[in-house]
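First the structure, in the form of structure tokens, and then the observations on it.
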Amino acid sequence: MSEQPKRTLVTSALPYANGPIHIGHIAGAYLPADLYVRYLRLKKRDVVWVCGSDEHGAAITLRARKENTTPRAIVDQYHEEMQAAFAGLDIAFDHYDRTSSKEHHDFAQGFFLDLLKKGAFTEETRQQFYDPEEQQFLADRYIQGTCPKCAHDAAYGDQCEKCGSALSPEDLVNPRSTLSGAAPEMRETTLWYLPMDRHERWLREYLESGVLDGAGHHDPKAWKAHVLGQCRSWIDGGLQSRAMTRDLDWGVPVPVEGAEGKVLYVWLDAPLGYITATRNWAQKNGVDWKPYWQDKDTQLVHFIGKDNIVFHCIIFPILLKEQGDYLLPHNVPANEFMNLEGDKISTSRNWAVWAQDYVDDFNGRSDEMRYVLASIMPEQRDSEFTWPDFQARVNNELADVLGNFVNRVFVLSGKFHDGKAPGASGNWTAVDQALRDLITATPGLVGEAIERYRFRDALQHAMGLVRAGNKYLTEEEPWKVVKTDPDRAADILHLALQVTANAAIVLAPFLPRTAARIAAALGTSDLPWDAAGVALVAAGQPLGSLPILFEKITDEQVAEQQGKLGAGVEGMRDVEPEKAQTTFDDFQAMDLRVAEVLTAEKVKGADKLLQLTVRTGYDERTVVSGIAEHFSPEEVVGRKVMLLANLAPRKIRGVVSQGMVLMASTEDGGLRFVTPEEGAEPGDIIR
RNA sequence: GGCGAGGUAGCUCAGCUGGUUAGAGCGCAGGAUUCAUAAUCCUGAGGUCGAGAGUUCAAGUCUCUCUCUCGCUACCA
């Protein structure tokens with residue numbers, strides 16, 4: 001890639017249309033892209049930024065079923081809501097698309113067929129049970145039937161829990177679907193896999209050296225350490241084949257004869273959405289989309305969160321290279337995660353600041369949130385958002401430093417120069433010249449940082465100009481000088497106005513609304529980045545009125561926002577749907593007992609496992625339990641527990657487990673023992 | 001358990017290929033000032049750079065061990 005690409009295509013991770021957007025999303029993949037793109041637009045570069053809703057997948061169908069609605073209704077809802085939230089924070093995509101569109105389906109299918117023709121996939125065909133009522137293939141555990149060995153009538157497709165036999169679904173006598181209860185049919189199914197191990201060699205070269213097809217492609221040093229580290233980790237660990245299709249009914253249908261009920265897996269579906277979105281953008285604007293994805297002089301940049309690195313740096317590049325017509329990413333400046341008030345953001349616990357809530361509660365104050373998120377963006381490591389910090393940054397930096405500076409300049413101009421920009425004598429002092437130099441240098445400093453994806457740095461540089469302006473006014477004291485030397489006072493204010501106008505330019509990506517208001521009041525609206533300089537505000541320019549730019553955030557507002565965190569989750573839990581109906585006989589088949597833990601120790605080589613010895617009242621036995629991350633061995637010794645005693649023995653990490661200790665898994669991902677009331681003794685039967 | 005990324009002033013974070021007294025913003029203390037949203041400006045106090053060992057004339061910056069956090073991954077009947 002040359003120093004200056006002819007054009008740039010920017011993408012932001014497609015948000016999953018299964019829930020609203022929160023500030024973690026914004027800070028991760030949308031705000032940085034927005035800053036980058038706004039800057040490039042001001043630089044008058046050729047840039048297109050696309051995004052869209054990721055609308056397919058099992059989570060959406062499951063949710064639809066649970067809420068007794070359709071997948072279409074769910075994605076329609078979130079497609080609208082997410083766009084409103086983005087707009088409220090002035091996240092300004094060139095085009096926001098969706099993967100459920102006809103155009104995307106057509107394109108993704110064509111892409112799949114291209115890959116198929118080129119032999120990019122391996123096919124694996126096998127017999128699998130199919131539920132004719134639910135019209136879908138059934139995973140092994142969704143099939144029950146009679147065990148061929150012990151005649152237990154509720155054996156699962158992978159194992160009989162009574163006699164412990166490992167089974168295949170087709171071994172079952174009288175199989176039935178646990179989804180509908182219907183008798184499943186045997187159908188042949190073909191899955192397409194992407195054998196990624198074939199691609200290790202060139203991938204390594206592409207990632208480590210920035211070399212693709214023997215030619216320099218990008219500068220690997222420009223990539224973030226954690227991005228390259230994670231890719232290296234994957235490649236070193238050996239790349240596995242990944243299924244590129246799924247037996248589902250909500251997605252892009254696999255365009256192959258006999259592949260009914262199959263869709264493209266999200267690994268293939270979602271990233272192709274970037275291309276579809278670009279095509280739709282181009283059509284809307286009457287231009288050719290191809291250069292943006294196919295011309296060697298185009299730079300491709302993916303903005304994502306760290307959970308998406310492998311996806312964008314390994315799998316998608318493999319697909320693109322196999323197909324052959326498309327560019328591979330030149331950088332993937334993934335951000336880390338943003339925590340919230342001491343805890344990680346959690347949708348299910350409502351531990352989040354929802355973008356739409358912020359927009360509703362702080363009407364018209366999107367710049368404040370943009371500023372704070374840009375200040376604490378998790379560029380190199382996880383960062384943390386707190387409301388008191390939000391308050392401090394808005395009050396001490398935006399209001400006191402920026403807002404007050406602009407206000408000082410306007411008030412001084414109004415008082416001493418009749419609301420018009422004073423002209424300059426041209427007799428600059430050393431102090432003046434230093435400030436003029438800073439004005440000249442700042443756009444370059446900010447721009448360079450942005451181009452290196454160092455947005456916090458960039459913001460610091462931009463604010464540095466404003467700080468210098470405050471210092472200049474305080475030290476030059478034009479309100480005093482005006483009494484003795486009006487011409488000198490005019491020079492000072494003239495320069496202060498230039499600072500203000502330049503600040504409006506370099507802050508424009510971060511604070512688009514505020515920058516526009518300042519520029520409008522100075523008569524310097526819509527200037528490109530490169531117009532920045534020491535003579536923006538002409539002598540005699542009437543200065544518009546400018547109200548207070550930033551209101552302070554009150555302690556009450558902070559408390560109110562903090563009070564919202566985690567609220568309202570009771571009674572509306574995001575629970576798993578209830579399982580299919582069972583029978584009393586099935587329940588009777590389980591032997592539940594009170595037991596007491598006698599000893600406990602960690603299983604070596606496993607983080608989550610404890611090896612327990614339990615007393616059942618009639619024997620002592622070993623049970624392996626996946627609770628080590630939640631309980632230390634000392635904590636569990638002596639406890640009375642609920643034991644599934646007649647569970648088939650199974651070897652786990654080399655230890656034979658004879659039974660299962662039952663636990664309640666809590667909403668926050670924790671575990672709790674199900675402890676019998678005082679008086680229950682080991683061996684007591686639970687029924 | 002394996003792999004990756006981190007652990008730097010009270011807080012949020014920078015510190016590139018090892019090199020003079022370790023930085024920024026905010027907060028804090030003292031001072032200046034009043035054009036301005038009790039705003040601004042100056043000065044200062046704060047850090048054994050997670051712990052320990054090693055390489056080097058010289059180490060947040062390289063090596064090893066340990067520890068904690070986050071992520072991916074295996075085990076979780």
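Quick note on labels: first sequence line is chain A, next is B, and so on, each numbered from 1.
With both ends at atom C1', the span from rA36(B) to rC41(B) equals 13 Å, rounded to whole Å. The separation of rU8(B) from rA14(B), taken at their P atoms, amounts to 10 Å, rounded to a whole angstrom. rG30(B) and rC72(B): their P atoms are spaced 48 Å apart (whole Å). The separation of rU48(B) from rU61(B), taken at their P atoms, amounts to 16 Å, rounded to a whole angstrom. As rounded to the nearest Å, rC3(B) and rU17(B) have P atoms that lie 23 Å from one another. The same atom, P, is picked in rG71(B) and in rA29(B); the two are 37 Å apart, to the nearest Å. Look at the C1' atom in both rC66(B) and rA24(B): the space between them is 32 Å, to the nearest Å. Between rA9(B) and rG15(B), the two P atoms lie 15 Å apart (nearest whole Å).
A salt bridge does not link Arg687(A) to Asp591(A): none of the charged nitrogens lies less than 4.0 Å from a carboxylate oxygen. Residues Glu379(A) and Lys224(A) are not paired through a salt bridge, judged by the lack of any N-O separation under 4.0 Å between the basic side chain and the carboxylate. Using a 4.0 Å cut-off between a side-chain N of Lys or Arg and a carboxylate O of Asp or Glu, Arg452(A) and Asp457(A) do not qualify as a salt bridge. Between Arg365(A) and Asp367(A), no side-chain nitrogen of the basic residue sits less than 4.0 Å from a carboxylate oxygen of the acidic one, so the salt-bridge criterion is not met.
Under the Watson-Crick and G-U wobble criteria, each requiring two contacts below 3.5 Å, nucleotide rG60(B) is left unpaired. Under the Watson-Crick and G-U wobble criteria, each requiring two contacts below 3.5 Å, nucleotide rA22(B) is left unpaired. If you check rC16(B) for Watson-Crick or wobble pairing at under 3.5 angstrom, you find it has no partner at all. Checking rC28(B) for Watson-Crick or G-U wobble geometry (two distances, each under 3.5 Å) identifies rG44(B) as its partner. Using the Watson-Crick or G-U wobble rule with both distances under 3.5 Å, rA9(B) pairs with nothing in any strand shown. As the counterpart of rA39(B), no nucleotide is assigned, since no Watson-Crick or G-U wobble pattern has both distances under 3.5 Å. Across all strands shown, rC70(B) pairs with rG4(B); the Watson-Crick or G-U wobble distances both stay below 3.5 Å.
Within 4.0 Å (heavy atoms only), Arg467(A) reaches sugar-phosphate atoms of the nucleic acid but no base atom. If you check every strand for non-hydrogen atoms under 4.0 Å, Glu397(A) touches sugar and phosphate atoms only. Ser657(A) comes within contact range of the sugar-phosphate backbone alone, with a heavy-atom separation under 4.0 Å but no base atom that close. Within 4.0 Å (heavy atoms only), Phe550(A) reaches at least one base atom of the nucleic acid. Using a 4.0 Å heavy-atom distance criterion, Glu379(A) is classed as making no nucleic acid contact. Using a 4.0 Å heavy-atom distance criterion, Leu473(A) is classed as making no nucleic acid contact.
Annotation for Gln380(A): atom CD counts as buried by contact number, over 12 foreign heavy atoms lying within 6.0 Å.
Look at Lys344(A) and you'll find a side-chain N or O under 4.0 angstrom from OP1 or OP2 of rG71(B). OP1 or OP2 of rA14(B) has at least one side-chain nitrogen or oxygen of Arg381(A) nearer than 4.0 Å. In this model, the phosphate group of rG27(B) is approached by a side-chain N or O of Asn396(A) to a distance below 4.0 Å at OP1 or OP2. For rG4(B), the OP1/OP2 oxygens have no side-chain nitrogen or oxygen of Lys306(A) closer than 4.0 Å. One finds a side-chain N or O of Lys552(A) lying less than 4.0 angstrom from the OP1 or OP2 phosphate oxygen of rA39(B). Proximity of Ser383(A) to the phosphate of rC13(B): a side-chain N or O atom is located under 4.0 Å from OP1 or OP2.
Between the CD atom of Glu336(A) and the P atom of rG6(B) there is a distance of 8 Å, given to the nearest Å. The distance from atom NZ of Lys608(A) to atom P of rA74(B) is 9 Å, rounded to the nearest whole Å. In this structure, Met338(A) atom CE and rG6(B) atom P are separated by 18 Å, rounded to whole Å. Going from atom CD of Gln230(A) over to atom C1' of rU73(B) covers 10 Å, rounded to whole Å. Rounded to an integer number of Å, the gap from CH2 of Trp223(A) to C1' of rA5(B) is 16 Å. rU37(B) atom C1' lies 5 Å from atom CD1 of Ile548(A), rounded to whole Å. Distance, Asn335(A) CG to rG6(B) P: 14 Å, rounded to whole Å. Computed from coordinates, the Leu228(A) CG to rG6(B) P distance equals 11 Å when rounded to whole Å.
Nearest nucleotide to the side chain of Lys415(A), out of rA36(B), rA5(B), rC76(B): rA36(B). Residue Ile652(A) has its side chain nearest to rC75(B) when only rA36(B), rC75(B), rA5(B) are considered. Considering only the side chain of Lys480(A), rU34(B) comes nearest among rG6(B), rU34(B), rC75(B). Side-chain atoms of Ser233(A) lie closest to rC3(B) of the nucleotides rA36(B), rC3(B), rA24(B).
Using a 90° window around 0 for the glycosidic torsion, rG46(B) falls inside it and is classed as syn. rG4(B) has its base anti relative to the sugar, with a glycosidic angle deviating from 0 by more than 90°.
When all heavy atoms are compared, the tightest approach of His461(A) to Thr442(A) is O-CG2, 3.8 Å.
Using the six-membered ring where Trp is involved, Trp223(A) and Tyr206(A) have ring planes that are perpendicular, over 60° apart on the 30 and 60° scheme. Ring geometry, Phe385(A) versus Phe390(A): the interplanar angle falls from 30° to 60°, so the pair is classed tilted.
A residue-by-residue look at Glu384(A) and Arg408(A) shows that Glu384(A) has its nearest nucleotide of RNA chain B further toward the 5' end. Residue Arg454(A) is the one, among Val401(A) and Arg454(A), whose nearest nucleotide of RNA chain B lies closer to the 5' end (criterion: closest heavy atom).
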Dump the intermediate steps for ring-ring contact (aromatic ring centres under 6.0 Å, His included) on Phe311(A) and Phe316(A), then the final yes or no.
-> CA-CA 6 Å; Phe311(A) 197 82; Phe316(A) 192 41; 7.6 Å; no
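Looking at Asn404(A), its side chain comes within 3.5 Å of the base of rA36(B) through a donor and an acceptor atom.
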